[in-house]
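Below is one structure; the comments refer to it alone.
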Amino acid sequence: MKVGFFQYNIIWRDREANLSYIRSKIKDSAFDLLVLPELFTSGYAFESREELMPFAENLEDSYTVRFLTELMKECGGYITGSIPELCNEKLYNTSVIVGAEGLVASYRKIHLPDYEKRAFESGDKAVSCTCNEMKVGLTICFDAWFAPLSSSLKLQGVNVICLSACFGGGVTPTIIPIRALENQCFYISCNRIGTEMFSGEPDSYRGESQIVNPDGKILIKAGNEELLSIIDIDLSEVNNPAFGSLVKKDFLSEHKKYNIMIK
């Protein structure tokens with residue numbers, strides 16, 4: 001399977017420019033699954049809920065979903081990233097996964113940092129879906145810090161976990177290989193690069209997107225520059241890692257002991 005990420009500097013407050021830029025960079029690429037950053041249509045920084053409202057979309061009639069559907073008809077695979085979603089007057093930070101057939105699944109970010117709680121509501125359900133041979137789990141940024149969410153995806157049978165992100169600190173990149181190893185699955189993280197203004201002060205994003213195998217081995221890790229990276233992975237490695245088998249042949253039974261499920 002060909003999987004990857006597109007790490008780039010999101011254009012602040014310009015959905016059309018971001019979508020056009022993504023298309024220009026990936027339209028000639030072949031992949032089964034590609035991960036984009038968090039809030040890739042709007043940028044991350046905001047001072048109020050009202051600033052995000054022009055970019056909020058109802059997924060039943062989403063311009064972004066329609067655009068990505070047409071793009072995937074060219075590429076032939078699936079693409080995922082998060083956008084502001086408006087539903088029943090509530091705003092969510094929502095990952096969408098889209099193929100040539102349209103919207104396959106959506107996931108509302110459960111674990112919100114305090115900054116995001118000023119605008120967004122929390123989701124309440126772990127979400128996975130099937131994309132050809134892959135069972136894909138969706139997560140967003142701060143979600144990576146909480147093992148129960150990825151464990152609940154493991155119990156749903158995922159073999160790939162995607163993380164769309166906007167982080168500047170150095171902690172999150174260190175967590176990702178642990179999540180891959182403990183869940184015995186592939187993990188694709190896509191973080192953005194560039195700088196945005198928060199309350200008049202510049203704050204930078206670190207990039208360092210990565211793809212990790214079920215052994216917790218980093219197969220590729222970006223720096224702090226734009227990068228479209230697509231690599232081949234072998235799904236037969238899921239639940240059969242060399243390192244994991246040294247300590248436990250059946251990690252799934254350990255997850256089941258806690259019966260961790262996000263309802």
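Shown are W12, Y115, F55; of these, the ring-ring contact (aromatic ring centres under 6.0 Å, His included) with F46 is made only by Y115. A side-chain hydrogen bond (donor to acceptor under 3.5 Å, both in side chains) with Y107 holds for exactly one of D143, T80, N93; it is D143. Checking each of E85, E121, E116 against K109 for a side-chain hydrogen bond (donor to acceptor under 3.5 Å, both in side chains) leaves exactly one that passes, namely E116. The only option from S189, S82, C190 that meets the side-chain contact (heavy atoms from CB on, under 4.5 Å) definition with P37 turns out to be C190.
At least one side-chain heavy atom of I230 sits under 4.5 Å from a side-chain heavy atom of S29. Inter-residue side-chain proximity for R66 and D61 is flagged as met; some heavy-atom pair is nearer than 4.5 Å. The side-chain heavy atoms of E47 and S199, taken from C-beta on, include a pair separated by under 4.5 Å. Between F251 and N183 the shortest side-chain heavy-atom distance does not fall below 4.5 Å. V35 places a side-chain heavy atom less than 4.5 Å from the side chain of S164. Residues L33 and M1 are not in side-chain contact: their nearest non-hydrogen atoms beyond the backbone lie 4.5 Å or more apart. Side-chain contact between I26 and L71: present, with at least one pair of heavy atoms (C-beta onward) separated by less than 4.5 Å.
Closest heavy-atom contact between D14 and A17: OD1-N, 3.0 Å. Across every non-hydrogen atom of L112 and S122, the tightest pair is CD1-OG, 3.4 Å. The minimum heavy-atom distance linking L59 with I83 is given by the pair CD2-CD1, 4.1 Å. For the residue pair E182 and R179, the shortest heavy atom distance occurs at OE2-NH1, 2.7 Å. In terms of heavy atoms, I110 sits closest to G123 at CG1-O, 3.5 Å. Closest approach of R49 and E89 over heavy atoms only: NH2-O, 2.6 Å.
Note on I97 and I188: same hydrophobic cluster, where clusters join Ile, Leu, Val, Met, Phe, Trp and Tyr whose side-chain heavy atoms are under 4.5 Å apart, directly or indirectly. Under the 4.5 Å side-chain heavy-atom criterion for grouping Ile, Leu, Val, Met, Phe, Trp and Tyr, L34 is connected to V96 within one hydrophobic cluster. Each of F167 and L39 belongs to its own hydrophobic cluster when Ile, Leu, Val, Met, Phe, Trp and Tyr are linked at side-chain heavy-atom distances under 4.5 angstrom. Both L19 and L228 are part of a single hydrophobic cluster, where members link through side-chain heavy atoms under 4.5 Å apart. Cluster annotation: Y21 is not connected to L227 through the hydrophobic network of ILVMFWY side chains, with a link wherever side-chain heavy atoms come within less than 4.5 Å.
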Side-chain donor/acceptor pairs under 3.5 Å, residues 127-142, sequence neighbours excluded:
{"from": "S128", "atom 1": "OG", "to": "Q156", "atom 2": "OE1", "distance (Å)": "2.5"}
{"from": "K135", "atom 1": "NZ", "to": "Q156", "atom 2": "O", "distance (Å)": "2.6"}
{"from": "T139", "atom 1": "OG1", "to": "C162", "atom 2": "O", "distance (Å)": "2.7"}

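By the 6.0 Å and 45° rule, R23 does not stack over the aromatic ring of F67. Cation-pi geometry between R108 and Y92 is met: under 6.0 angstrom from the ring centre, within 45 degrees of the axis.
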Problem set entry | Derivation of the side-chain contact (heavy atoms from CB on, under 4.5 Å) call for K154 and N239 | CA-CA 10 Å; K154 176 69 175 180; N239 296 322; 2.4 Å; yes
Problem set entry | Audit row: R192, N9, side-chain contact (heavy atoms from CB on, under 4.5 Å) steps and yes/no | CA-CA 6 Å; R192 63 163 292 180; N9 184 2; 2.7 Å; yes
Exercise. Run the side-chain contact (heavy atoms from CB on, under 4.5 Å) check on I176 and I218 step by step: do they pass?
Worked result: CA-CA 9 Å; I176 290 164; I218 298 172; over 6 Å; no
Exercise. Given F6 and I79, is the side-chain contact (heavy atoms from CB on, under 4.5 Å) satisfied, shown in steps?
Worked result: CA-CA 10 Å; F6 179 41; I79 191 166; over 6 Å; no
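To the nearest 0.5 angstrom, F5 atom CZ is 10.5 Å from N191 atom CG. One finds the NZ atom of K217 at 11.0 Å from the CZ atom of F186 (value rounded to the nearest 0.5 Å). For the atom pair L219 CG and Q210 CD, the distance stands at 10.0 Å (nearest 0.5 Å). Note that OG1 of T64 is 5.5 Å distant from CZ of F40, once rounded to the nearest 0.5 Å. The distance from the CG atom of L252 to the OG atom of S151 is 9.0 Å, given to the nearest 0.5 Å. To the nearest 0.5 Å, the span separating CD1 on I175 from CG on L163 amounts to 9.5 Å.
Between Y44 and Y205, the ring-plane angle classifies as perpendicular under the 30° and 60° cut-offs.
When atom types are taken as modelled, the side chain of Q7 and the backbone of E225 share a donor-acceptor pair closer than 3.5 angstrom. Within the 3.5 Å criterion, the main-chain N or O of G77 finds no donor-acceptor partner in the side chain of D32. Of the possible polar contacts, none joining the D203 side chain to the E196 backbone as a donor-acceptor pair under 3.5 Å is found. In this structure a side-chain-to-backbone donor-acceptor pair under 3.5 Å is present from N240 to V238. For E208 (side chain) and P173 (main-chain N/O), no donor-acceptor pair under 3.5 Å exists by modelled atom type. Proximity of a side-chain donor or acceptor of N213 to a complementary backbone N or O of D215 within less than 3.5 Å is detected.
Listed by chain and number, the residues in a side chain to side chain contact (heavy atoms under 4.5 Å, CB included) with T195 are P202, S204 (sequence neighbours excluded). Evaluation of the ring pair (Phe, Tyr, Trp, His ring centres under 6.0 Å) rule for F120 yields no partner, not counting sequence neighbours.
Within 6.0 Å of atom CD in E101, more than 12 heavy atoms from other residues, nucleotides or ligands are found, so the atom counts as buried in its surroundings.
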